[in-house]
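Read the structure below first, then the notes.
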Amino acid sequence: MFARATRCKSFSYKNTVPLFHSPISSSQTRPSLPLCFYFAKSKLSTMAEPSTISPAPLLKDELDIVIPTIRNLDFLEMWRPFFQPYHLIIVQDGDPSKIIKVPEGFDYELYNRNDINRILGPKSSCISFKDSACRCFGYMVSKKKYIYTIDDDCFVAKDPSGKDINALEQHIKNLLCPSTPFFFNTLYDPYRAGADFVRGYPFSLREGVPTAVSHGLWLNIPDYDAPTQLVKPLERNTRYVDAIMTIPKGTLFPMCGMNLAFNRELIGPAMYFGLMGDGQPIGRYDDMWAGWCTKVICDHLGLGVKTGLPYIWHSKASNPFVNLRKEYKGIYWQEELIPFFQSVTLPKDCTSVQKCYIEISKQVKAKLGKVDDYFNKLADAMVTWIEAWDELNPSGAKSAELSNGASK
């Protein structure tokens, strides 16, 4: 318990106010809570009653929201109460001459393919075209510590009580609390209110590790592959499971990019969504590729990945026949990809995400290049991605501001 409290103590006041339902009076018996609860209480005592103030948005100046799109962003109206305080990075896919309309009142940058080519030059070849994988360009040009990315067909979901779910706030809470990848807690996330470490959980592991990735889920349209879509065309996910868990070390998972947050400083260079879409033999494996690479690196560097809450409402199913055309090689290749990532080992001198990623690219070329020449191209693109990342994010130096496509 004490190790966990020490970890939570580092939270700032603005990050802990929303955890309160009511202040704890001095006459009450001191409950068993993380120190961050008492830290927040001491700050609240000098302020007005919580009912009379609006808490500052969590990480307002430390987080960017990245959205890939080919259409007008009317869906932002539904998200306005939650997203408007934050900066948006919109990556326009497809025809750069098309005008993308963004609702008034949002602070945003808009990049199209012309901007990508101008900023990256020859290295722009590593950014996918006509595929949502282009979103990773937004991760590269962001200068914030955290990223939340969401698809433009994802709406605000409701919890079982009928209350709108602030998905962004839940992701932030996930990222600001530790993960437990080295020993599974049967009450899932022990850092949530009302939970703790169960009997038999080693005290030496209760401090946890920094959380690098928060993977959210979806109600309504499930994230299925094309064959599953075809045999279950009417299936909808109606189960709201009130749980968050750390994915154990050594366990891979299929990462979905439509409702995802991560600590850019901890794991950003690994969030490359690969070569997909136009001119490539595969699509719809962009986020999964990033997820497999990221998880291997997190395991090596001692970082955590959480999955579960928050939910968003996935509003529409994509065409399963179109999806099958994009996926069919991936469905075949994944039987080679999963064993490959399960067997990847990284040497001790891989002490940074970039070094880890370059090492994975070498192993991709050596082992997966035999499966198909596409993986040789992908391995080269992985190296180009890291080179471009380091150019735009020079280590230890203040990054130069970019001239953006259409900034509001």
Side-chain angles (χ1 to χ4, degrees), residues 1-24 28 30-41 44 50 55 57-59 63 82 146 148 157-219 239-249 251 253 259-263 266 298 303-312:
M1 182 64 191
F2 291 106
R4 177 177 69 164
T6 301
R7 185 80 191 178
C8 289
K9 187 177 180 180
S10 65
F11 287 10
S12 67
Y13 158 60
K14 69 176 182 178
N15 296 336
T16 54
V17 171
L19 297 177
F20 273 87
H21 295 289
S22 61
I24 305 169
Q28 289 178 298
R30 180 183 174 99
S32 178
L33 293 172
L35 291 183
C36 58
F37 280 72
Y38 301 112
F39 179 63
K41 172 186 175 291
L44 278 174
L58 298 174
L59 303 181
L63 181 143
F82 308 128
Y146 301 97
Y148 175 53
K158 294 184 181 295
D159 67 18
S161 73
K163 181 182 177 182
D164 285 349
I165 297 170
N166 186 345
L168 179 55
E169 180 182 66
Q170 182 62 61
H171 275 299
I172 291 171
K173 290 179 180 179
N174 291 350
L175 291 172
L176 292 180
C177 269
S179 293
T180 54
F182 305 120
F183 203 84
F184 189 78
N185 191 58
T186 51
L187 278 180
Y188 304 115
D189 193 337
Y191 303 101
R192 293 188 70 193
D196 211 319
F197 294 95
V198 298
R199 180 171 56 90
Y201 201 101
F203 283 86
S204 60
L205 296 178
R206 295 190 181 193
E207 183 177 3
V209 302
T211 299
V213 180
S214 173
H215 179 256
L217 300 175
W218 354 263
L219 295 171
R239 291 195 310 154
Y240 179 97
V241 181
D242 186 16
I244 304 163
M245 66 184 73
T246 297
I247 301 175
K249 180 180 180 181
T251 300
F253 74 111
N259 177 28
L260 178 72
F262 59 93
N263 184 321
L266 288 181
C298 282
L303 302 172
V305 177
K306 292 188 178 187
T307 187
L309 300 181
Y311 285 92
I312 50 84

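The shortest heavy-atom contact between Arg206 and Val198 is NH2-O, 3.6 Å. Of all non-hydrogen atoms in Ala212 and Cys298, the two that sit nearest each other are CB-SG, 3.9 Å. What you find for Pro310 and Ala167 is that their closest heavy atoms are CG-O, 3.3 Å. Residues Arg192 and Asp242 approach most closely at NH2-OD1, 3.0 Å, considering heavy atoms. When all heavy atoms are compared, the tightest approach of Ile172 to Leu63 is CG1-CD1, 4.0 Å. Minimum interatomic distance between Asn263 and Thr211 (heavy atoms only, all atoms of both residues): CB-O, 4.1 Å.
Taking the six-membered ring wherever Trp is involved, the centroid distance between the rings of Phe197 and Tyr191 falls below 6.0 Å. For Phe262 and Tyr146, the gap between ring centers reaches or exceeds 6.0 Å.
In this structure, Leu175 CG and Leu59 CG are separated by 8.5 Å, a value rounded to the nearest 0.5 Å. Between atom CG of residue Leu309 and atom CG of residue Leu217 there is a gap of 8.0 Å, rounded to the nearest 0.5 Å. A distance of 11.5 Å separates CG in Leu187 from CE in Met245, rounded to the nearest 0.5 Å. The CD1 atom of Ile312 sits 8.5 Å away from atom NE2 of His171, with the distance rounded to the nearest 0.5 Å.
Looking at residues two or more places apart in sequence or on another chain, you find a side chain to side chain donor-acceptor pair (under 3.5 Å) between His215 and Thr307. Among residues two or more places apart in sequence or in another chain, the side chain to side chain contact (heavy atoms under 4.5 Å, CB included) test is passed with Phe182 by Leu205, Val209, Lys249. Looking at residues two or more places apart in sequence or on another chain, you find no side chain to side chain donor-acceptor pair (under 3.5 Å) involving Asn185. Contacts of Phe82 classified as side chain to side chain contact (heavy atoms under 4.5 Å, CB included), with partners at least two apart in sequence or in another chain: Trp79, Val156, Asp164, Asn166. Tyr148 is linked by a side chain to side chain donor-acceptor pair (under 3.5 Å) to Asn259, counting only residues two or more places apart in sequence or in another chain. Legend: residues meeting side chain to side chain donor-acceptor pair (under 3.5 Å) with Ser161, ordered by chain and number and at least two apart, are Asp159.
By the 4.5 Å heavy-atom criterion applied to side chains, Val305 and Ser179 are not counted as neighbours.
When the shell of 6.0 Å around OH of Tyr188 is examined, it contains 12 or fewer heavy atoms from other residues, nucleotides or ligands.
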Verify side chain to side chain contact (heavy atoms under 4.5 Å, CB included) between Lys173 and Ile244, making sure each step is shown before the conclusion.
-> CA-CA 11 Å; Lys173 290 179 180 179; Ile244 304 163; over 6 Å; no
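Remark: side-chain polar atoms of Tyr311 are paired, donor with acceptor, to backbone N or O of Val241 under 3.5 angstrom. Side-chain atoms of Lys306 never come within 3.5 Å of backbone atoms of Thr180 as a donor-acceptor pair (strictly under, hydrogens ignored).
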